[in-house]
Amino acid sequence: MLADVNGVVEIFVGLLLSVAVLALVARKLHIPYPILFVVGGLLLGSIHGLPQVRLNPDLVFLFFLPPLLFPAALFTSWRDFRLNLRPISLLAIGLVLFTTIAVAYLAHYFMHLPLAAGFVLGAIISPPDAIAATAIAERLKVPRRIVTILEGESLVNDATALVAYRFAVVAVATGSFSLAHASGQFFIVGIGGILTGLAVGWLAQQFHKRVDDAPIEITVSLLTPFAAYLLAERLGVSGVLAVVTAGLYLGRRMPELLTFKTRLQGGPVWEMVEFILNGFVFILIGLQLPGVLHALSGHEIPVHQLVWFALVISVAVIAIRILWVFPAAYLPRLLSKKIRQRDPYPKWQHVTIIAWTGMRGVVSLAAALAVPLTIQSGDPFPDRDLILFLTFIVILATLIVQGLSLPALIRWLGVEDDGSMEKEEREARLKANQAALARLNEIGEREPPKANALQRLRVEYEDHIRQVEGAEPESAGTPLRLFSSEFERLSHEALQVERQTILKLRNDDAISDEVLRRIQRDIDLAEARLQRHQ
């Protein structure tokens with residue numbers, strides 16, 4: 001027993017060390033780290049004598065997926081998500097279902113898979129990976145709307161694919177399928193997941209309202225995605241949609257719910273959780289190669305034909321996305337003047353980037369590993385090993401081919417960040433500082449004895465305003481000096497005015513949630529500095 005524990009600990013430490021080393025190499029080589037993690041896992045898996053690590057699909061669905069989806073939803077700008085709901089829905093629902101159907105028929109007629117098994121394969125490889133899309137898109141300087149659409153798609157598409165996967169597996173296992181029944185169940189599972197997420201999010205909100213203790217609140221925030229996922233799965237609805245809905249619900253409310261202490265301490269905790277889990281997931285994907293190859297060792301299909309099948313499916317998955325994205329971007333505008341007026345035609349370069357960003361990842365592999373070994377009659381699940389092999393190759397091909405070529409494609413297309421977020425942030429900072437300065441002037445008129453402390457604080461805010469407007473501050477480089485308790489109290493009041501101003505701007509949709517968080521972090525740091533000197 002002790003030996004088993006030691007073995008697990010050794011594997012865990014080895015994976016943690018691999019994450020650190022590969023992340024450092026990825027940073028030095030300027031390569032998106034999910035790609036290098038997968039390649040590193042492949043190399044580690046090919047070393048003779050190392051213990052074989054098998055990825056348990058239940059571990060992915062229950063342990064990895066909820067805490068990785070939750071912060072992605074938590075830090076999504078609801079304003080931007082809502083404004084881009086149409087393109088996100090077309091990708092996350094329309095494209096996933098279109099890919100599932102297209103791959104099913106291609107596998108059936110080209111590889112002679114049973115059609116139901118083809119639908120299983122299609123559902124497995126239809127959703128681009130949330131982690132890969134976010135990790136690669138965030139580090140590239142592209143317009144914010146592209147990142148919003150990719151992140152929004154990756155939040156919802158897993159739910160669509162996993163629901164379709166569930167129906168396809170049942171169809172294979174039982175030998176029967178009803179489109180009307182499946183459509184009704186699809187709706188129930190989706191709505192049920194959303195309602196469950198809202199309920200869990202509301203309960204978490206009530207807790208945060210009543211508790212002001214950073215370690216306890218952070219612990220509850222770590223438990224929230226698991227609560228949403230497990231409850232939804234127990235109820236037979238979409239756990240993925242429950243997690244995403246809870247994250248979106250709380251993300252909108254957390255800036256007003258949490259204290260500065262909880263925000264400052266919770267941010268680094270979630271950042272570390274995401275980094276470590278991301279690393280583990282992608283390295284584990286690479287480590288599955290020996291098992292995948294071993295499962296195919298006795299397959300009757302020749303090796304050269306397996307390679308050909310894998311190539312065809314990989315190219316098809318990439319091509320299907322391209323064939324869908326361009327019409328989905330331009331046809332609605334062509335057919336509807338109302339859509340055209342509200343949302344003009346996008347640049348073809350921007351559409352090209354979205355069309356090319358379709359990396360598959362851990363959800364696809366976990367779903368493939370979770371395919372049952374046998375069907376209801378006791379016979380083996382048809383072509384299970386082939387489905388697993390094709391899934392692995394699609395993940396590898398899309399991550400390496402699309403992931404590595406994406407930066408070069410962006411440079412070639414000449415796409416750059418439009419600076420809209422920076423402009424929003426600059427204007428919001430200016431308004432917040434002006435509001436704080438106006439409050440200080442109001443206090444000065446009402447309470448003349450505080451003139452000395454007020455004057456020193458006015459200088460600070462006037463310098464801030466000049467910096468935001470691009471002028472040189474008169475007291476640049478001078479640290480804030482806390483002269484008296486009166487100065488500290490006035491500073492605290494001014495910071496509260498800043499916070500209220502940016503919250504109102506966010507609530508009025510003048511700025512995004514991300515801009516709010518950027519400015520709020522600076523206000524939180526200033527408030528923490530004040531408290532240290534009290």
Side-chain angles (χ1 to χ4, degrees), residues 86-130 132-133 136-137 146 149-150 152-165 167-168 186 306-332 346 348-365 367-368 383 386-406 409:
R86 180 180 51 81
I88 288 171
S89 300
L90 286 171
L91 292 171
I93 300 174
L95 178 55
V96 166
L97 296 177
F98 179 65
T99 304
T100 300
I101 295 168
V103 168
Y105 280 98
L106 177 65
H108 177 61
Y109 289 109
F110 183 73
M111 304 176 193
H112 306 294
L113 258 69
L115 188 57
F119 273 99
V120 172
L121 174 63
I124 288 171
I125 61 177
S126 60
D129 185 74
I136 292 174
I146 293 177
I149 292 173
L150 292 174
E153 175 198 7
S154 65
L155 283 176
V156 182
N157 61 11
D158 288 340
T160 307
L162 290 175
V163 172
Y165 164 80
F167 293 137
F186 188 92
L306 286 174
V307 173
W308 174 242
F309 286 168
L311 179 64
V312 168
I313 289 294
S314 299
V315 171
V317 166
I318 295 172
I320 288 167
R321 183 176 178 88
I322 295 172
L323 289 173
W324 175 274
V325 167
F326 278 92
Y330 292 108
L331 270 180
W348 69 268
Q349 294 94 334
H350 295 183
V351 180
T352 301
I353 292 172
I354 293 174
W356 192 247
T357 311
M359 291 74 70
R360 271 57 177 179
V362 66
V363 172
S364 294
L365 186 60
D383 294 297
L386 180 59
I387 289 173
L388 183 56
F389 172 73
L390 293 174
T391 301
F392 186 87
I393 297 302
V394 167
I395 293 170
L396 197 61
T398 54
L399 271 177
I400 292 178
V401 174
Q402 292 183 295
L404 284 179
S405 62
L406 190 58
L409 177 66

Can you check side-chain contact (heavy atoms from CB on, under 4.5 Å) on L91 and V96, steps first, answer last? CA-CA 7 Å; L91 292 171; V96 166; over 6 Å; no
Side chain proximity check, D383 to F389, heavy atoms < 4.5 angstrom: no
Can you tell me if CZ on F110 sees more than 12 non-hydrogen neighbours from other groups inside 6.0 Å? yes
Show the nearest heavy-atom pair for residues T391 and A368, with the distance to one decimal. OG1-CB, 3.8 Å
Starting from the C-alpha separation in whole Å, work towards a yes-or-no answer on side-chain contact (heavy atoms from CB on, under 4.5 Å) for I125 and V103. CA-CA 9 Å; I125 61 177; V103 168; 3.9 Å; yes
I'd like to know whether F119 forms a side-chain contact (heavy atoms from CB on, under 4.5 Å) with I101, so could you lay out the CA-CA distance, the side-chain angles of the two residues, the decisive distance to 0.1 Å, and finally the verdict. CA-CA 7 Å; F119 273 99; I101 295 168; 4.0 Å; yes
Using only atom types and a distance under 3.5 Å, with no angle test, would you say the side chain of H108 pairs donor to acceptor with the backbone of P114? no
Gap between atom CD1 of I400 and atom CE of M359 - 0.5 Å precision: 12.5 Å
Just distance, no hydrogens or angles: give the donor-acceptor pairs under 3.5 Å from side chains in residues 307-327, sequence neighbours left out.
{"residue": "S314", "atom": "OG", "partner": "A310", "partner atom": "O", "Å": "2.8"}
{"residue": "R321", "atom": "NE", "partner": "I354", "partner atom": "O", "Å": "3.0"}
{"residue": "R321", "atom": "NE", "partner": "A355", "partner atom": "O", "Å": "3.4"}
{"residue": "R321", "atom": "NE", "partner": "T357", "partner atom": "O", "Å": "3.3"}
{"residue": "R321", "atom": "NH1", "partner": "E153", "partner atom": "OE2", "Å": "2.8"}
{"residue": "R321", "atom": "NH2", "partner": "E153", "partner atom": "OE1", "Å": "3.0"}
{"residue": "R321", "atom": "NH2", "partner": "I354", "partner atom": "O", "Å": "3.0"}
{"residue": "R321", "atom": "NH2", "partner": "T357", "partner atom": "O", "Å": "3.2"}
{"residue": "W324", "atom": "NE1", "partner": "L90", "partner atom": "O", "Å": "3.1"}

Under the salt bridge (Lys or Arg N to Asp or Glu O under 4.0 Å) rule, what pairs show up with a residue in residues 88-97, not counting sequence neighbours? none
Looking only at heavy atoms, what is the nearest atom pair of A367 and I124, with distance? CB-CG1, 4.0 Å
With heavy-atom distances below 4.5 Å as the criterion, would you say the side chains of S364 and F392 are in contact? no
Looking only at heavy atoms, the pair that brings A164 and A123 closest together is C-CB, 4.0 Å
Provide the closest heavy-atom pair for L121 versus A107 in the form atom of the first, atom of the second, distance. CD2-CB, 4.2 Å
If you draw a 6.0 Å radius around OH in Y105, do more than 12 non-hydrogen atoms from other residues or ligands fall strictly inside? no
Using side-chain heavy atoms (C-beta onward) and a distance below 4.5 Å, is P128 in contact with N157? yes
Ignoring hydrogens, what is the shortest heavy-atom contact between R360 and S126? Give both atom names and the distance. NH2-O, 3.1 Å
So which heavy atom on V156 is nearest to which on A92, and how close? CB-CB, 3.7 Å
